[in-house]
Enquirer: 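Below is one structure. I have some questions about it.
Values reported hereafter were calculated over all heavy atoms of this structure, with side chains retained and with hydrogens, waters and symmetry mates removed. The model shown is predicted, which means the values in this text are computed figures rather than measured ones.
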Protein chains: 2
Amino acid sequence: MAKTAPRPTLRDVADHAGVSVISASRVMREAPNVSESLRVRVKVAATALGYTPNRIAGSLRGQSSDLIAVIVPSMSNNVFPDILDGIDAAFQGSSLRTVLGMSRYDMAEEEAILRDLLSWNPSGVIISGLEHSAGASEILSGLQCPVIEVMDSDGEPIDTSVGFSMSSAGHIMADHFVERGYRRIGYVGAWGERPARSRKRRLAFEARLAENGLSLVDHQIEDAQSSFATGAAGLTTLMSRSPNIDAVFFANDDLALGAMMHCHAHGIRVPNDLALAGFNGLDIRDGITPRLTTIRSPRAEIGARAGQIMLDRIGGRSDAERGRIDMPLSFLPGETT
Amino acid sequence: MAKTAPRPTLRDVADHAGVSVISASRVMREAPNVSESLRVRVKVAATALGYTPNRIAGSLRGQSSDLIAVIVPSMSNNVFPDILDGIDAAFQGSSLRTVLGMSRYDMAEEEAILRDLLSWNPSGVIISGLEHSAGASEILSGLQCPVIEVMDSDGEPIDTSVGFSMSSAGHIMADHFVERGYRRIGYVGAWGERPARSRKRRLAFEARLAENGLSLVDHQIEDAQSSFATGAAGLTTLMSRSPNIDAVFFANDDLALGAMMHCHAHGIRVPNDLALAGFNGLDIRDGITPRLTTIRSPRAEIGARAGQIMLDRIGGRSDAERGRIDMPLSFLPGETT
DNA sequence: CATAAAATTGGTAACGTTGTCAAACTCTCA
DNA sequence: TGAGAGTTTGACAACGTTACCAATTTTATG
């Protein structure tokens, strides 16, 4: 059994090396003005004792914790895991660390998590979306540390935002549908359009159709979470209500692919009888024939960019970006429209 | 603009309430032996000042940080997001917090992340898999805090493990294939079988076939990450090498579904010409016809159980579980076998 | 009412680190 | 050789909290 050997402290390292605590501290954090001989002696002692710095103590004294509070609504679709992946990639090799909070699409919960995470003195906050509870907005506005809102870019950030434009997404697909000559267009969403992001996309889509003399014939928002099954169900409901629709824009790829499979199974030819398009550009789309028309959202890129900006800001770089940063969407034409 | 109002401390709250710092501390952490009147006075002062406790300071003095280091290899398939989801669900309402590390399937990186996370004095560690670098194993063994290894249960945990048996998964599917009467069986994996988990599954599958007088005719391990496209590619290679195979077990659902779509597109009837089975039981499987035969891995359940055990252990509950905890797999028969 | 026991409050000293300042040492150059 | 500048090292005090113990007040008991 392991004995209860207490973790060595800087004091132990200093004693072992025959130097003062503060000198050991300087060596460990690579501070300037340390002689080579002292540096080596301390390093040797640290290795011999298996010293690991105590960042809790360092944070208390040093004021900056290097912990970054990351608050996302969920892990259930690929969107937020991809963002976390991007953030982590940016933090690789730095001293920043992600402390995770999951709001489960509940603004009150988001606020509670934010409060809790702030008690860790984070050096920065990355939070999803531009819409928060009044209390959360107030807290975020008052923060001294960088606050980066990710995903959305159709509004004013509290500090800095990295995301894409839902309106732009709606416009891109509306333009495509118009260009393709579809006339009776529908829309299928899921989960009561939470978060509000997807609604913005639908409204922009509808508005752009209107500019082109077309109207959104019908839309069906399912209550269930996005899935193939939900997509099929949404399409079924929509078509039973408005049978002569010739093209449908879905809130995401899962829904669209589910609908596509439903069409296959029911002899509805895509895109001849019905055109389908999705949103997100998930990898699952690869390898499914016909290839789905969709718009790729730059999820990992958003995470990486947000992470990089956080690094720059915390590193005190004067050229660190601020304000609203709009990441480009890529239209991925497929064979379903 | 927000002025640089320093965050109020316990000292401020105590002064405002006219009590001592330590009394304020007691109230804030709901310690016993505090009169109602004092409690109310402090609470009022705390609210008035917008006090947020500084957990960094608390952790330094109190020794336990309530930070839980969670180390996963990636976010790219649904497996680890689901586990994180489960962990977070268990931590809801508690004071435990996830600090995230991502090893990118690299054991050296895993060890580095572990060292880094330990500098935060975590109250516990949740790490994926039972196999770690020698250095990481040594560190984990020496830790005073709970260490829970998740996903795998075919080996001895350092402290406690929550996972499922890869062997059992292999056996379940082998038995199913035998029962169905398939004779010429193949296997397709991806990404060089990293982590080693999937290899265990394949070997157990092969061994069980052997017990039934069958051999694994051929197997193809792709280098690329799992995806529909990789599944299709793997199947193509396998079939070109061993054309008379009549059933294939895939390392995961993505691969199997990709292969299935490939079959659809190339007039290979499933399961008549070729039977396919996957592993994981991802939601995408719902709504795809024919429904894929697979085995559901209890991902969120593993996360939730690990989180609960962590809570129990840290709460000092004597009935907290220890040792190897095997979570049941569910065989999900579909129409592809 | 006196006294013991229990409940409530406060003082002091850490926890392990680093910022600030000062002391000591080294080197350069007149 | 000595002044001045630069480099290297160290002492001390803090960061905000809580553990430990002592002091005080309240309550219970005979």
Enquirer: Of all heavy-atom pairs between Val13(A) and Ala46(A), which one has the smallest distance, and what is that distance?
Expert: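 Where Val13(A) meets Ala46(A) most closely, the heavy atoms are CG1-N, 3.9 Å.
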Enquirer: Would you name the heavy atoms of Ala89(B) and Arg104(A) that are closest together and state the gap between them?
Expert: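 Nearest pair, atom of Ala89(B) first, then Arg104(A): N-NH2, 3.4 Å.
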Enquirer: Can you give me the closest heavy-atom contact between Phe164(A) and Ile302(A), atom names plus distance?
Expert: CD2-CD1, 3.7 Å
Enquirer: In this structure, which one of Ile127(A), Ile71(A), Ile139(A) forms a side chain to side chain contact (heavy atoms under 4.5 Å, CB included) with His132(A)?
Expert: Ile127(A)
Enquirer: dT8(C) phosphate, OP1 or OP2: any side-chain N/O from Ser23(B) under 4.0 angstrom?
Expert: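 No, outside the criterion.
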Enquirer: When you check the gap from the basic side-chain N to the acidic O, do Arg115(B) and Glu111(B) get nearer than 4.0 Å?
Expert: yes
Enquirer: In residues 36-46 of chain A, which ones come under 4.0 Å of DNA chain D, going by heavy atoms?
Expert: Leu38(A)
Enquirer: Taking atom types as modelled, is there a side-chain donor on Thr9(A) or Arg11(A) under 3.5 Å from an acceptor on the other?
Expert: no
Enquirer: Between Ala136(A) and Leu114(A), which heavy-atom pair has the shortest distance, and what is it?
Expert: O-CD2, 3.9 Å
Enquirer: Return yes if some donor-acceptor pair links the side-chain N/O of Ser64(B) with the main-chain N/O of Ser123(B) below 3.5 Å, else return no.
Expert: no
Enquirer: Ignoring hydrogens and geometry beyond distance, is a side-chain donor-acceptor pair present between Gln308(B) and Asp312(B) at under 3.5 Å?
Expert: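 Short answer, yes.
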Enquirer: How does each nucleotide of nucleotides 14-28 of chain D score, in 5' to 3' order, for protein heavy atoms under 4.0 Å: base (B), sugar-phosphate only (S), or none (-)?
Expert: BBBBBB---------
Enquirer: Side chains of Val42(B) and Met28(B): does their closest heavy-atom pair fall under 4.5 Å?
Expert: yes
Enquirer: Could you tell me how far apart Asp15(A) (CG) and dG16(C) (C1') are, to the nearest whole angstrom?
Expert: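 Rounding to the nearest Å, CG of Asp15(A) and C1' of dG16(C) are 14 Å apart.
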Enquirer: Roughly how bent is the helix from dC1(C)-dG30(D) to dA30(C)-dT1(D) end to end, in steps of 10 degrees, with each end axis from five pairs?
Expert: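 Nearest ten degrees gives 40° for this helix.
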